[in-house]
Enquirer: 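Let me give you the structure first, and then I'll get to my questions.
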Amino acid sequence: MTTARIIDGKAVAEALRVGLARQVEALSFRPGLRVVRVGEDPASIAYVRTKERMARAAGFDGETIALPATTPEAAVLATIAALNADPAVDGILIQLPLPQHIRPAVIIDAIDPAKDVDGLHPINAGHLAAGRAGGLIPCTPKGVMHLLRHAGTALAGARAVVVGRSQLVGRPVAQLLLGADCTVTIAHSRTRDLAAECRRADILIAATGRAEMVRGDWIAPGATVIDVGINRLPDGRLVGDVAFGEASKVAGAVTPVPGGVGPMTVACLLENTLEAALARRG
Ligand SMILES: NC(=O)c1ccc[n+]([C@@H]2O[C@H](COP(=O)([O-])OP(=O)(O)OC[C@H]3O[C@@H](n4cnc5c(N)ncnc54)[C@H](OP(=O)(O)O)[C@@H]3O)[C@@H](O)[C@H]2O)c1
């Protein structure tokens with residue numbers, strides 16, 4: 001029997017996109033988003049297509065720049081320099097992963113922080129780590145916070161456990177939770193007795209890329225569980241990092257996969273692009 005409330009990320013993301021589209025309609029310009037893809041990774045092709053489609057549907061000037069997998073690092077840097085200098089471009093996103101010969105940190109560091117709508121530039125990461133307002137916040141972590149607020153989860157004083165410490169998800173999520181006055185634990189692959197750490201959580205965020213690793217008996221009754229993971233099983237099914245069937249019998253609220261955090265990432269990319277546009281253009 002399912003007891004947990006299912007947090008409908010698709011609906012929350014759609015409401016966010018509709019609100020953004022209304023704001024864009026009222027502007028005298030179309031915020032410009034450029035997504036740079038290098039190579040032919042099938043998942044990246046699909047993600048980038050969705051980003052461009054959603055951007056255009058919400059009235060943004062969204063365009064993909066597709067470069068061959070063999071593009072030298074210097075040529076990718078030249079593309080970024082041109083986008084940095086283009087006044088019509090408000091947001092630049094480099095789709096990760098990049099081909100082996102291109103160093104992601106070098107590319108990310110080359111993006112103008114004011115246009116870094118993925119929030120990965122050290123200047124933006126630094127703003128977040130310092131607890132300062134004004135920086136651009138990574139899209140998936142921002143989406144997680146939207147979902148927690150939508151679910152009505154009490155944040156101040158809550159014990160939050162984040163499983164995963166990546167630059168893309170775990171670390172920024174933990175910073176945002178800290179900023180919202182949660183008591184935060186960051187767990188990772190070297191954490192001793194991970195299940196016991198998770199069981200202490202009022203809010204449990206799973207971002208490991210390990211299919212259904214978080215079991216029902218790792219979850220405190222009534223906890224809010226946000227599953228960031230996207231994992232393709234050998235049988236083709238898409239699952240999260242949380243065993244959803246088990247979690248939904250214990251948790252107070254839980255996000256599904258698909259239809260949880262995933263749609264929020266694209267909506268927050270548009271939100272960041274609008275924020276960047278308004279900040280840049282005064
Ligand atoms: N929904 C979305 O829009 C969205 C966006 C981004 C990512 N994702 C998904 O979210 C997941 C995480 O992404 P990511 O980029 O953060 O991945 P990542 O860079 O591979 O980081 C994974 C993190 O999980 C930790 N981890 C791995 N195995 C573990 C274990 N057995 N026990 C405890 N911790 C473990 C790692 O610990 P160590 O640091 O110790 O190695 C690492 O910190 C993936 O499934 C990804 O596809 C979804």
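Both counts, for ligands and for their atoms, begin at 1 and track the order of listing.
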Enquirer: For atom 11 (C) of ligand 1, what is the closest protein heavy atom, and at what distance to 0.1 Å?
Expert: Gly209 N, 3.5 Å
Enquirer: Just to confirm my output: which protein heavy-atom neighbour is closest to atom 41 (O) of ligand 1, and how far is it?
Expert: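 It is Ser189 OG, 3.6 Å.
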Enquirer: I'd like to know if atom 37 (O) of ligand 1 has any protein heavy atom within a distance of less than 4.0 Å.
Expert: yes
Enquirer: Going by the closest heavy atom to atom 39 (O) of ligand 1, which one wins out of Arg165, Met264, His188?
Expert: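 Answer by nearest heavy atom: Arg165.
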Enquirer: Measuring from atom 19 (O) of ligand 1, which candidate in Ser166, Ala207, Gly262 has the nearest non-hydrogen atom?
Expert: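 Result: the heavy atom closest to atom 19 (O) of ligand 1 is in Ser166.
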Enquirer: Run the numbers for me: atoms of ligand 1, each under 4.0 Å from some heavy atom of Leu194, listed by number.
Expert: 32 (N), 33 (C)
Enquirer: Check for me, please, whether Leu269 and Ile137 land in the same ILVMFWY cluster - side-chain distances under 4.5 Å, paths through other members count.
Expert: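 Leu269 and Ile137: one cluster.
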Enquirer: Inspect the contact between Lys10 and Glu14 and indicate whether a charged nitrogen and a carboxylate oxygen are less than 4.0 angstrom apart.
Expert: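 Salt bridge: no.
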Enquirer: Minimum heavy-atom separation for Ala277 to Pro31, with atom names?
Expert: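 Looking at all heavy atoms of both residues, the shortest contact is CB-CB, 3.9 Å.
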Enquirer: Should the pair Lys142-Glu275 be classified as a salt bridge under the 4.0 Å nitrogen-to-oxygen rule?
Expert: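 Yes, charged N to carboxylate O under 4.0 Å.
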Enquirer: For Met213, counting its heavy atoms only, list the atoms of ligand 1 lying under 4.0 Å from any of them.
Expert: 30 (C), 31 (N), 32 (N)
Enquirer: Out of Thr191, Thr208, Val163, who gets a non-hydrogen atom closest to atom 26 (N) of ligand 1?
Expert: Thr208
Enquirer: Determine, using heavy atoms of Thr140 and all atoms of ligand 1, whether some pair is separated by less than 4.0 Å.
Expert: yes
Enquirer: For the pair Asp241 (side chain) and Val228 (backbone), establish whether a donor and an acceptor sit closer than 3.5 Å, ignoring hydrogens and angles.
Expert: no
Enquirer: Arg210 heavy atoms, cut-off 4.0 Å: which ligand 1 atoms fall inside?
Expert: 27 (C), 28 (N)
Enquirer: May I ask you to say whether Arg49 pairs ionically with Glu52, meaning some side-chain N is under 4.0 Å from a carboxylate O?
Expert: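 Result for this pair is no, no salt bridge flagged.
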Enquirer: Of all the non-hydrogen atoms in the protein, which one sits nearest to atom 25 (C) of ligand 1, and at what distance?
Expert: Gly164 CA, 4.0 Å
Enquirer: Just jot down the ligand 1 atoms closer than 4.0 angstrom to any heavy atom of Asn231, in number order.
Expert: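 Numbered from 1, ligand 1 contributes 45 (O).
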Enquirer: May I ask you to identify the nearest protein heavy atom to atom 2 (C) of ligand 1, giving residue, atom name and distance to one decimal place in Å?
Expert: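 Heavy-atom neighbour on the protein nearest atom 2 (C) of ligand 1: Thr265 OG1, 3.6 Å.
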Enquirer: Could you list which atoms of ligand 1 come closer than 4.0 Å to a heavy atom of Val169?
Expert: 6 (C), 7 (C), 16 (O)
Enquirer: Please check this pair: side chain of Thr79 against backbone of Ala75, looking for a donor-acceptor N/O pair closer than 3.5 Å.
Expert: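 Answer holds: yes.
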Enquirer: Among all protein heavy atoms, pick the one closest to atom 48 (C) of ligand 1 and tell me residue, atom and distance.
Expert: Val228 O, 3.1 Å
Enquirer: So for atom CZ, which belongs to Arg22, do other residues, nucleotides or ligands contribute more than 12 heavy atoms lying within a distance under 6.0 Å?
Expert: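 Incorrect, the count does not exceed 12.
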Enquirer: With respect to atom 46 (C) of ligand 1, which of Ile230, Val214, Asp241, Thr255 exhibits the smallest heavy-atom separation?
Expert: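 Ranked by closest heavy atom to atom 46 (C) of ligand 1, first place is Ile230.
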Enquirer: Check Arg237 with Asp235, please: is the shortest side-chain N to carboxylate O separation under 4.0 Å?
Expert: yes
Enquirer: Quick check for you: to the nearest 0.5 Å, what is the distance between Arg34 atom CZ and Ile80 atom CD1?
Expert: 14.0 Å
